[in-house]
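Report on the following structure.
No hydrogens, no waters, no symmetry mates; every other heavy atom, side chains included, goes into these values.
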Amino acid sequence: MRILHVTRDFPPRVNGGISTAVGALVDASRAAGVACAVLSFDAWRPRGRRRAARLPDDETTVRLVGPEDLTRARAFAEAFAPDVVHLHHAMLLEPTRAMVAEAPRVFSVHVVQSALRRLRALEEPTASERAQATAMREAARVLVPSEATRRDVLAEAPALAERVRVTPFPVGALGSGGGVG
């Protein structure tokens, strides 16, 4: 099994829970003998806002900071030839489609965007919420970290019931570097 993770950021860059969870998941998968590679949209700023310093790539991770990196990322994804693409942020769905068309996609719901919108008292769906709904509809499997998240997702999209799986993130034994310690 070869899994390509597509994420917003990846350790050692940690900008919140997604990078921490993805780092732990990749570490746990690799420890179990699963081949994993990562496309990390580290501090992606396609509209020219100030970009964070680029972290170096390695043999299993390509870090993108802007649209100029998409060609390199596509070549990396093609060379890795994943059996599964694991998408961790719905706003990355479009570039993922363009880079990896063949492999089935799994989508992890780290935050239920519709619930976040309601908590923020916003009336109109956000771009993140619309992207998340699309990513969930298109995914072969939708992974959620808890039964409560599963209920929230199914309240919005009951048709997904057969594809939603509760899979807690392996973050209990994290060290400071974002990996399993």
Side-chain angles (χ1 to χ4, degrees), residues 1-11 13-30 34-47 49 51-52 54-55 57-114 116 125-145 149 153 156-157 159-160 163-165 167 169 178:
M1 171 74 64
R2 301 174 64 75
I3 301 173
L4 176 65
H5 292 270
V6 180
T7 186
R8 184 183 67 198
D9 35 59
F10 184 70
R13 183 176 309 283
V14 175
N15 292 325
I18 290 177
S19 48
T20 302
V22 176
L25 181 59
V26 168
D27 285 350
S29 296
R30 288 176 176 162
V34 176
C36 292
V38 179
L39 289 177
S40 182
F41 285 70
D42 286 6
W44 177 266
R45 297 292 183 258
R47 291 188 174 84
R49 288 179 266 159
R51 296 180 184 174
R54 178 188 299 272
L55 294 174
D57 294 344
D58 61 38
E59 64 277 356
T60 62
T61 304
V62 167
R63 296 173 183 280
L64 299 86
V65 296
E68 66 275 10
D69 294 328
L70 289 173
T71 300
R72 184 169 50 87
R74 185 177 301 111
F76 175 80
E78 288 174 2
F80 183 69
D83 298 308
V84 173
V85 175
H86 191 153
L87 182 63
H88 292 275
H89 198 289
M91 296 299 283
L92 302 176
L93 178 60
E94 290 300 323
T96 300
R97 282 184 188 141
M99 288 185 282
V100 191
E102 300 299 319
R105 267 191 312 277
V106 170
F107 177 64
S108 278
V109 175
H110 293 263
V111 173
V112 180
Q113 294 295 330
S114 59
L116 183 60
T126 64
S128 292
E129 183 179 350
R130 289 189 301 273
Q132 186 171 71
T134 300
M136 288 191 299
R137 273 194 314 274
E138 291 184 9
R141 289 281 183 263
V142 177
L143 306 181
V144 296
T149 306
V153 165
E156 298 289 326
L160 296 175
R163 290 186 277 146
V164 174
R165 301 291 186 271
T167 55
F169 297 124

Under 3.5 Å donor-acceptor, R72 side chain and R63 backbone: yes

Which atom of V65 lies closest to which atom of D69, heavy atoms considered: N-OD2, 2.8 Å

Polar side-chain atom of R105 near backbone of L87 as donor-acceptor pair, under 3.5 Å: no

CZ on F41 to CG on D9, rounded to 0.5 Å: 12.0 Å

Closest contact, heavy atoms only, F80 versus A35: CZ-O, 3.8 Å

Contact summary for V62 and L64, nearest pair of heavy atoms: O-CD1, 3.7 Å

Approximate separation, where rounding is to 0.5 Å, of L93 CG and R137 CZ: 10.0 Å

Ring geometry between H88 and H110 (parallel below 30°, tilted from 30 to 60°, perpendicular above 60°): tilted

Test side chain to side chain donor-acceptor pair (under 3.5 Å) applied to S108 - qualifying residues, sequence neighbours left out: H86

Any donor-acceptor N/O pair, R141 side chain to R165 backbone, under 3.5 Å: no

Reference residue F76; test side chain to side chain contact (heavy atoms under 4.5 Å, CB included); the match among V38, T61, L39: L39

Nearest atoms (heavy-atom pairs only) where H5 meets I3: NE2-CG2, 3.5 Å

Pairwise side-chain contact, E138 with R97, heavy-atom cut-off 4.5 Å (strictly under): yes

Polar side-chain atom of Q132 near backbone of Q113 as donor-acceptor pair, under 3.5 Å: yes

Side chain R30, main chain C36, donor-acceptor under 3.5 Å: yes

Nearest atoms (heavy-atom pairs only) where P82 meets A77: CD-O, 3.4 Å

CE on M91 to OG1 on T96, rounded to 0.5 Å: 12.0 Å

Heavy-atom closest contact (P125 atom, R130 atom, distance): O-NH1, 2.8 Å

